[in-house]
Number of protein chains: 2
Amino acid sequence: MTDETRKKSQPSGNVTLQDIAAHAGVSRSTVSLVLRESPLVAKRTREQVRRSIKALGYVYNRGAAALRATRTSTLGVVVYDIANPFFGAMVAGIDAALNREGYVSFLANSEDSPERQQRFLERMREHRVDGILLCPAEGTDPALVATLEAWKLPCVQVLRHIGTPPYDYAGTDFRRGVNLAIDHLVAHGHERIAFIGGHTEHSATRERWQGYREAIAHHGLGYQRLLRSTVTRRDGFEAIQQLLGESPAPTAVVCHNDLVAFGAMLGLQRQGLTPGVDCAVIGTDDVEEAALSAPALTSIATHPYAVGREAARLALRRIQNPDGAREQVVLAPQLRVRESCGASLARDRSLAPTP
Amino acid sequence: MTDETRKKSQPSGNVTLQDIAAHAGVSRSTVSLVLRESPLVAKRTREQVRRSIKALGYVYNRGAAALRATRTSTLGVVVYDIANPFFGAMVAGIDAALNREGYVSFLANSEDSPERQQRFLERMREHRVDGILLCPAEGTDPALVATLEAWKLPCVQVLRHIGTPPYDYAGTDFRRGVNLAIDHLVAHGHERIAFIGGHTEHSATRERWQGYREAIAHHGLGYQRLLRSTVTRRDGFEAIQQLLGESPAPTAVVCHNDLVAFGAMLGLQRQGLTPGVDCAVIGTDDVEEAALSAPALTSIATHPYAVGREAARLALRRIQNPDGAREQVVLAPQLRVRESCGASLARDRSLAPTP
DNA sequence: TTCTAGTTTTGGATCAATCCAAAAAACAAT
DNA sequence: ATTGTTTTTTGGATTGATCCAAAACTAGAA
């Protein structure tokens, strides 16, 4: 066993470009071109190299490639509550879109902590990701967007946005969503409509509130009641009871998200009242569980899967062309009418048990 | 402007070890040691280097480091349905545990497709992740575990397991969970208890069925009815109606997961029956929504967050010590008694609106 | 046959870190 | 002052790919 033999078989046990080149009787560079599907390589050569790659069980080393090529085919995704089914669906959409392009994504759950978020973003920078999909944690410094810009890290904001335009953003038109809900309620005779939920200065809350105030004004309703709160089920539970104690009490409520709406329905039931009969309830997001509750929840569908997919596409486009004009993709929401708003009650049974 | 000046300021705009070394008046190697917190470096030197790092705004390049050091601080996570809140919670647990150790994770959603799963695993190999957390997609070839072993890619299986022991695994004791549920039902006088759901040969289903048969036998019940199905809400909806049409019909059902249980409750209500009164329903997983339904769902808590955390810990341990004995972490489930099993009905109001 | 134009292929430098054996510096003991 | 230890520091080799300018082939025309 000469030194040369050892060198070929032993070193770290890993097959490299060099080994394939030797096996196929070409140079390292040619093998590299084959791997990257370059049209420069002659057909016969390409086939021979492919055979050698198979024969030696070669595994491409993306880390090494990235070092020289400065493209990692990697993206960082930051959400603030992955346990929320809404984000689950969104991540599924992201995953599907990235997968098609050979990208993979790092996922982090900021738990709405700007510090955790910051740590993760720094780590992403160290890993040289090509871009970031960011659902900013509550209380994120608006300067963060500029910081990422300075880092030359393309960033697409999702669902919430901070900083000042232009930036890349993908989300849903929450304002329009609330408009739809209130239009529907007004058409069914409601005049006292309250809004429950949202507690800090983030864009998604502001947009909902704006939609609420705007619609109330547009329909010339005398009653306006906006109850701030965090956005858990318990908040909905407590809020509805508070509202019912007021006079006049609302005859309908639109909720920040479906969790709050579920809580509100539960609160009504605890008081012996029936959602949709004694008080209409409309949620936001249209999570899968909305169709399942009793009564089935009317909800503003915000299409999390599609939002995720669009955000991912936007990021890929930005990576291709870092200096192109920033883009905003804002999806149109839809009102899914079920039982809880009193419009269709149990008559419409086709809607209840969706898959 | 000499060539040297250009070389210092221009090249790709990125600060490297070399630049810091020059700035601090030490060698590349010393800087590297400082970055890795080596105790070899003298305190004064370390401080000087730290200052230079700050001054130049250096960003560690993990890709380059990994190339030589063969440790990427990176993990691959494969689940089959990230939109399911159960997996959301699990991923949150994984994330929390990894974060503490400076690890980040790639996430992929296999959508229960072995092909997608395979593609992702190959990509993970190319990215040289240090390990894999795998919830095997349905129909995964049991040989996959051996393949990963051959790839020298440490793999911890989660929730489901394939292949033959020994392997690393983290999950919940589904068998025991079903035992608990049936013990409880029997204690409350039920004698005809059915099980709904589970449709292919994966371990998590087998374990549940085993627990069911075992408990039925243990209590010497004459009635045994196991209804196979996929595990969506719709399946529960249909299954319960089928069961009620049989004679004798069951007086209680235990369901593969909470979705199926929700469906079963809905099915009962469609027939004008009340869950917990006319037929007891128990789910599995104790997702957040379980406490929210009406009636509130009794469920076998399977602790997804803890499972995720334990799986991540196991993986990190295996990476530290690739040849250590394989470990299985199996968490004990708990029965969360609420209204749907008839045991506590509306009397017990403390349980319903949990956060 | 020679020259040109086009098609393939190639070797050396490079990306940014770590490893390692050996050198240098600091300190203690003789 | 000399030697021996221990503590720090270092330069060159290495990791595995890509980039790029130049070299080596083809094939067709003069």
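Protein chains get the first letters and strands the later ones, always in sequence-line order, with residue 1 at the start of each.
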Review point. Considering only D:dT8, C:dT9, D:dA17, which nucleotide approaches the side chain of A:Y60 most closely?
Key: D:dA17

Practice item. Using only heavy-atom distances, decide whether a donor-acceptor pair under 3.5 angstrom links the side-chain of A:R28 to the base of C:dG12. Key: yes

Check your understanding: Between A:D95 and B:R116, is a salt bridge (charged side-chain N to carboxylate O under 4.0 Å, His left out) present by the stated rule, with each step listed?
Key -> CA-CA 11 Å; A:D95 190 75; B:R116 270 186 68 109; 2.7 Å; yes

**Study point:** Distance, rounded to the nearest Å, where A:E126 contributes CD and C:dA17 contributes P
**Key:** 10 Å

Review point. The side chain of A:A65 lies closest to which of these nucleotides: C:dT9, D:dA17, C:dA16?
Key: D:dA17

Revision key, fill the gap. Side chain to side chain contact (heavy atoms under 4.5 Å, CB included) test vs A:V34 passes for just one of A:I20, A:V41, A:L17, namely A:V41

Check your understanding: Atom CZ of B:R71 to atom P of C:dA16: distance rounded to whole Å?
Key -> 24 Å

Exercise for review: Rounded to the nearest angstrom, tell me the gap between atom CG in A:L33 and atom P in D:dA21.
Suggested key: 15 Å

Revision key, fill the gap. When rounded to whole Å, the CG to P distance for the pair B:D19 and C:dA16 reads 9 Å

Review point. Would B:R160 count as a cation-pi partner of B:Y80, with NZ or CZ less than 6.0 Å from the six-membered ring centre and within 45° of the ring normal?
Key: yes

Point to revise | Shortest side-chain distance from A:N14, nucleotide among D:dG16, C:dA16, D:dC19 | key: D:dG16

Practice item. Report the C-alpha distance between A:S110 and A:S113 in whole Å, list the side-chain angles of each, state the deciding distance to 0.1 Å, and finish with yes or no for side chain to side chain donor-acceptor pair (under 3.5 Å). Key: CA-CA 5 Å; A:S110 70; A:S113 146; over 6 Å; no

Revision key, fill the gap. Which of D:dG16, C:dT10, D:dT10 is nearest the side chain of B:S27? It is D:dT10

Review point. Distance check: side-chain N/O of B:T30 vs OP1/OP2 of D:dT8, anything under 4.0 Å?
Key: no

Practice item. Taking only the side-chain nitrogens and oxygens of B:T70, find out if one of them lies under 4.0 Å from OP1 or OP2 of D:dT15. Key: no

Check your understanding: Can you tell me how far P of D:dA17 sits from CZ of A:R36, to the nearest Å?
Key -> 11 Å

Study note, to complete from the structure: From the candidates D:dA17, C:dA17, D:dC19, the one with an atom nearest any side-chain atom of A:L17 is D:dA17

Exercise for review: Measure the distance from NZ on A:K43 to P on D:dC25 and round it to the nearest whole Å.
Suggested key: 23 Å

**Study point:** Euclidean distance, atom CZ of residue A:R62 to atom C1' of C:dA16 [Å, nearest integer]
**Key:** 20 Å

Practice item. With the side chain of A:V26 defined as its heavy atoms from C-beta on, choose the nearest nucleotide among D:dT15, C:dT10, C:dC15. Key: C:dT10

Check your understanding: Within 45 degrees of the axis of the six-membered ring of A:F120 and under 6.0 Å from its centre: does A:R125 put its NZ or CZ there?
Key -> no

Review point. Does A:S29 place a side-chain N or O at less than 4.0 Å from the phosphate oxygens OP1/OP2 of C:dT9?
Key: no

Point to revise | N/O (side chain, B:R46) to phosphate O (OP1/OP2, D:dT8) under 4.0 Å | key: no

Study note, to complete from the structure: Between A:N61 and B:L40, the residue closer to the 5' end of DNA chain D by nearest nucleotide is B:L40

Point to revise | B:L67 CG - D:dA13 C1' separation (whole Å) | key: 13 Å

Practice item. Starting at CG of A:N99, measure out to CD1 of A:I94 and round the result to the nearest 0.5 Å. Key: 13.0 Å

Check your understanding: Between the side-chain atoms of B:R68 and the base atoms of D:dG16, is any donor-acceptor pair under 3.5 Å?
Key -> no

